[in-house]
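Worksheet for the structure shown next.
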Amino acid sequence: MASFRFLAALLLTLLLTSDVAAREKKPTRQQKRIEAKEKAQKFANMKAAGQDQVSMTKEAAELRSYELRKKKKKGLLKRREASLAQVLFPGASPEEYMDGEPVPSFAELVQSKKTQLPFKYYDLPTCPQPNEKIQKRFRQRKNLGSRLMGQTQTMAPYNFPTKKDKECTPLCMVEVGGKKLRWLRKLVERQYRVHLTLDQLPVLMRSKELNYAVRGYPVGFKAPPSYTGLKEDEFYLYNHLKFTITYREEPGEFEGVRITGFDVHPVSIDHKLEEGAKVTPGEHLEALDKGSAVSTCGRGSSPVNEPETYLALRSGSSGEDMKILYSYEVEWQQSDIPWADRWDVYLVGSPDDEVHFFAIVNSLMVVVFLTGAVATILIRTLKRDIAGYNEMQTLEEAQEETGWKLVHGDVFRPPQSHPLLLCVLVGTGTQLGSAFFITLLASMLRMLNPLKKGQALTAVIVLYVLCGGIGGYVSARLYKFCDAKSWKRATLATAIAFPGSIVAMFMVLNIFLTVVGSATAMSFLTIFFVFLLWGCVATPLVFVGSYFGYRAEKIEVPTKTNQIARFIPELPYYANPPISFLLAGLLPFGSVCIELFFIMSALWLHQLYYIMGFLMAVLLILAATCSEVAMVMCYLQLCVEDHRWWWKSFLNCASAGVYLFLYSLWFLSSKLQLVGVLPVVVYLTYMSMISVSLGLVTGTVGYLSCFWFTKKIYGAVKAD
């Protein structure tokens with residue numbers, strides 16, 4: 001017994017001692033505030049002294065890390081410190097390279113913010129693609145989303161042996177003339193940028209003096225007559241690239257080196273050949289060791305941007321083809337920046353997470369307001385009305401009913417106009433909403449890897465196809481409630497109406513994309529695969545869902561429907577379309593309009609968007625707003641004795657899609673600087689698809705909410 005007491009006392013003493021030690025180590029709130037103020041003052045002084053945020057120095061890395069401190073947190077409730085690599089690409093692990101080991105670089109799309117027509121890298125008049133195969137550890141599987149986006153994994157023509165610097169190295173010579181030369185000038189005029197990746201890092205152009213870092217490098221640049229002294233603009237091509245690769249070496253932690261940065265500085269230079277030297281267009285000069293044939297790219301020389309030596313994009317004096325000689329050089333620099341922090345520079349200048357947080361708070365205020373309105377209706381108004389109606393029925397004091405109970409014999413009368421179309425729209429909206437929700441859920445659970453291009457789009461398409469059974473089931477249940485007989489037509493329309501319209505729009509657009517040679521033009525094989533997925537998977541699942549929907553019991557409602565429809569009195573202005581539609585759709589769109597700006601910027605301005613948790617919160621807020629707006633509008637409509645709520649409940653919330661399309665027009669005129677007719681057509685086509693999809697989802701939420709609402713309130717009153 002004594003020994004037991006001694007052990008208990010010893011254990012208690014150890015616990016108290018460890019608790020006191022933990023409290024002593026853990027800083028207090030006041031200490032944290034003092035430390036935060038000191039850090040803020042320190043970095044403010046660094047900014048005032050002109051310290052940049054984009055270079056690879058230790059001071060710039062510290063300033064970057066401080067500016068991005070709010071982005072470097074994980075978790076929903078308990079926010080804990082993390083690196084951007086963990087936040088952006090969870091599960092990604094670093095690659096180590098040994099001295100002399102070749103590091104493969106990949107050519108991405110050639111894109112411009114002024115057009116939405118990307119091209120493949122090897123569509124440019126550049127050096128031929130290397131024949132070597134991609135190693136298995138760098139290979140990425142092709143998916144449907146990457147094919148639709150025009151993303152293909154192709155090796156770039158540059159060679160990067162680990163820690164091996166290269167002086168100016170001639171690569172190849174190509175001849176360009178006629179139509180190809182005019183097209184190249186147009187690419188320069190429309191500010192196209194070439195995107196390369198090395199160890200999954202996009203190439204960056206940095207300027208320590210101007211404190212900026214942008215992805216990719218321009219194809220060339222345009223000089224005005226005031227600069228060149230010519231009568232018209234002159235176009236120049238960047239044909240020499242200075243690559244700088246920074247790496248970290250820590251023998252105590254890992255073997256080899258880890259790449260932490262990939263920069264480029266483009267140079268335009270009119271290379272000259274040695275006297276008597278001959279170079280055949282298309283041959284690989286580096287592989288044939290013909291670097292000595294170029295006088296402007298010899299040992300010890302590094303080309304620079306000089307106006308006297310710029311390479312102008314124009315044909316020869318007698319109209320012969322222009323000869324372009326490509327070259328590059330590589331410099332490896334050691335850095336102390338950890339591999340986990342190499343993504344910091346890519347998010348410098350991006351909006352802080354607090355903006356997204358305030359956007360969600362703004363949306364929540366709308367939801368709270370609407371929840372209060374719905375609660376007032378359900379708890380106060382309806383409770384009083386229902387009690388009054390029931391009391392009147394019990395005491396038989398009322399000779400005539402008034403208010404929303406007047407239409408109890410007509411409120412569940414099936415829609416008289418186009419019931420099949422309404423059921424198809426609701427079924428399609430349910431299918432789309434389910435696919436979006438599951439995709440966002442998978443993104444939040446880190447089941448989708450952002451490093452694998454096109455994976456998110458593939459997930460949306462595959463999940464939409466697999467949710468065909470849900471769409472068919474909902475459509476069939478509602479169509480059966482409407483006592484309609486054309487169930488085959490309803491099922492077929494659910495299977496082909498929306499996807500058929502989207503595919504038809506895309507096919508027409510694909511013709512124009514193919515004519516201009518855009519990378520997003522689909523091949524015949526991809527088109528065939530899409531039709532196979534649609535016809536052999538999606539359509540049978542819709543029929544299976546419809547089968548179970550028609551087999552299920554008919555939806556029960558609390559009141560009987562009169563044989564003769566009740567006369568509808570003259571309605572107030574706010575209850576008549578299109579005013580009711582515009583008023584109802586404004587609140588759902590307003591609840592997501594701030595976050596929508598960041599989504600549009602990611603889609604059309606090539607910015608990074610990674611906060612799927614915020615996006616899921618916005619989706620849930622949108623659903624709650626649509627549901628509550630639909631119920632409030634339905635109650636106001638029933639109070640003026642209008643029992644035709646079926647179509648109105650759908651269109652009231654579906655008008656959010658109209659607002660989205662109007663917003664896209666504003667975004668086009670104010671944020672995008674598209675050049676040409678086809679880029680505008682591409683933008684409007686895709687935005688119309690997205691707007692219709694949003695309208696279907698929001699309309700479905702409004703319709704199903706009103707159905708539940710009417711069943712609840714009419715099930716609580718006594719009616720004959």
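The first residue in the sequence is number 1, and the count goes up from there.
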NZ/K488: more than 12 non-hydrogen atoms of other groups inside 6.0 Å: no
Over all atoms of both residues, closest heavy-atom pair of G429 and V697: O-CG2, 4.0 Å
Heavy-atom pair of closest approach, residues K113 and L674: O-CD2, 3.7 Å
Between CH2 on residue W534 and CG on residue L532, distance to nearest 0.5 Å: 12.5 Å
Donor-acceptor pair, side chain of T115 and main chain of P679, under 3.5 angstrom: no
Whether F707 and Y703 hold their rings parallel, tilted or perpendicular, with breakpoints at 30° and 60°: perpendicular
Evaluation steps, side-chain contact (heavy atoms from CB on, under 4.5 Å), between F667 and L605: CA-CA 11 Å; F667 195 85; L605 296 178; 4.1 Å; yes
Test item: L694 and L622 side chains (from C-beta on) under 4.5 Å apart, heavy atoms: yes
Audit row: V557, F481, side-chain contact (heavy atoms from CB on, under 4.5 Å) steps and yes/no: CA-CA 10 Å; V557 292; F481 175 79; 3.7 Å; yes
Inter-residue atom distance K648.NZ - M633.CE, 0.5 Å rounding: 8.5 Å
Note, Y473 side chain near T430 side chain (heavy atom, < 4.5 Å): no
Nearest-0.5 Å distance, CG of residue L421 to CG of residue L425: 4.5 Å
Side chain S518, main chain L513, donor-acceptor under 3.5 Å: no
Note, I594 side chain near V618 side chain (heavy atom, < 4.5 Å): no
T458 side chain to N143 backbone, donor-acceptor under 3.5 Å: no
Closest non-hydrogen atom pair between Y550 and A490, with its separation: OH-CB, 3.8 Å
L432 vs F436 side-chain heavy atoms within contact, under 4.5 Å: yes
Check: M687 main-chain N/O paired with S691 side-chain donor or acceptor under 3.5 Å: yes
Side chain N510, main chain F506, donor-acceptor under 3.5 Å: no
Nearest-0.5 Å distance, CD of residue Q431 to CG of residue L696: 10.5 Å
Aromatic contact, W645 with F650 (centres under 6.0 Å): no
Residue pair V682, F512: steps toward the side-chain contact (heavy atoms from CB on, under 4.5 Å) verdict: CA-CA 9 Å; V682 170; F512 296 101; over 6 Å; no
Beyond-backbone contact of R413 with Q416, side-chain heavy atoms, under 4.5 angstrom: yes
Check: G702 main-chain N/O paired with S649 side-chain donor or acceptor under 3.5 Å: no
Backbone of F661 reached by a side-chain donor or acceptor of S664 within 3.5 Å: yes
Any side-chain heavy-atom pair of L615 and L440 under 4.5 Å: yes
Set of residues satisfying side-chain hydrogen bond (donor to acceptor under 3.5 Å, both in side chains) with respect to T152, sequence neighbours excluded: none
Parallel, tilted or perpendicular: rings of Y686 and W604 (30°, 60°): tilted
Which atom of T539 lies closest to which atom of A495, heavy atoms considered: CG2-CB, 3.9 Å
Close side-chain approach of L665 and L684, heavy atoms under 4.5 Å: yes
Atom of K554, atom of R477 and distance for their closest heavy-atom approach: C-NH2, 4.1 Å
From CA spacing to verdict: side-chain contact (heavy atoms from CB on, under 4.5 Å), S486, Y479: CA-CA 9 Å; S486 304; Y479 197 58; 3.5 Å; yes
Any side-chain heavy-atom pair of L582 and Y659 under 4.5 Å: yes
Spacing of L636 atom CG and L583 atom CG [to the nearest 0.5 Å]: 10.5 Å
K671 side chain to F597 backbone, donor-acceptor under 3.5 Å: no
Donor-acceptor under 3.5 Å (S546 side chain, V542 main chain): yes
Heavy-atom closest contact (Q111 atom, P118 atom, distance): CG-CB, 3.8 Å
Under 3.5 Å: donor-acceptor pair, side chain of Q116, backbone of V680: no
Trace of the side-chain hydrogen bond (donor to acceptor under 3.5 Å, both in side chains) decision for S523 with T526: CA-CA 5 Å; S523 63; T526 306; 3.1 Å; yes
Aromatic ring pairing W647/H418, orientation class (parallel under 30°, perpendicular over 60°, tilted between): perpendicular
Separation of C482 SG from I555 CD1 (nearest 0.5 Å): 8.5 Å
Atom OH of Y547: over 12 foreign heavy atoms under 6.0 Å: no
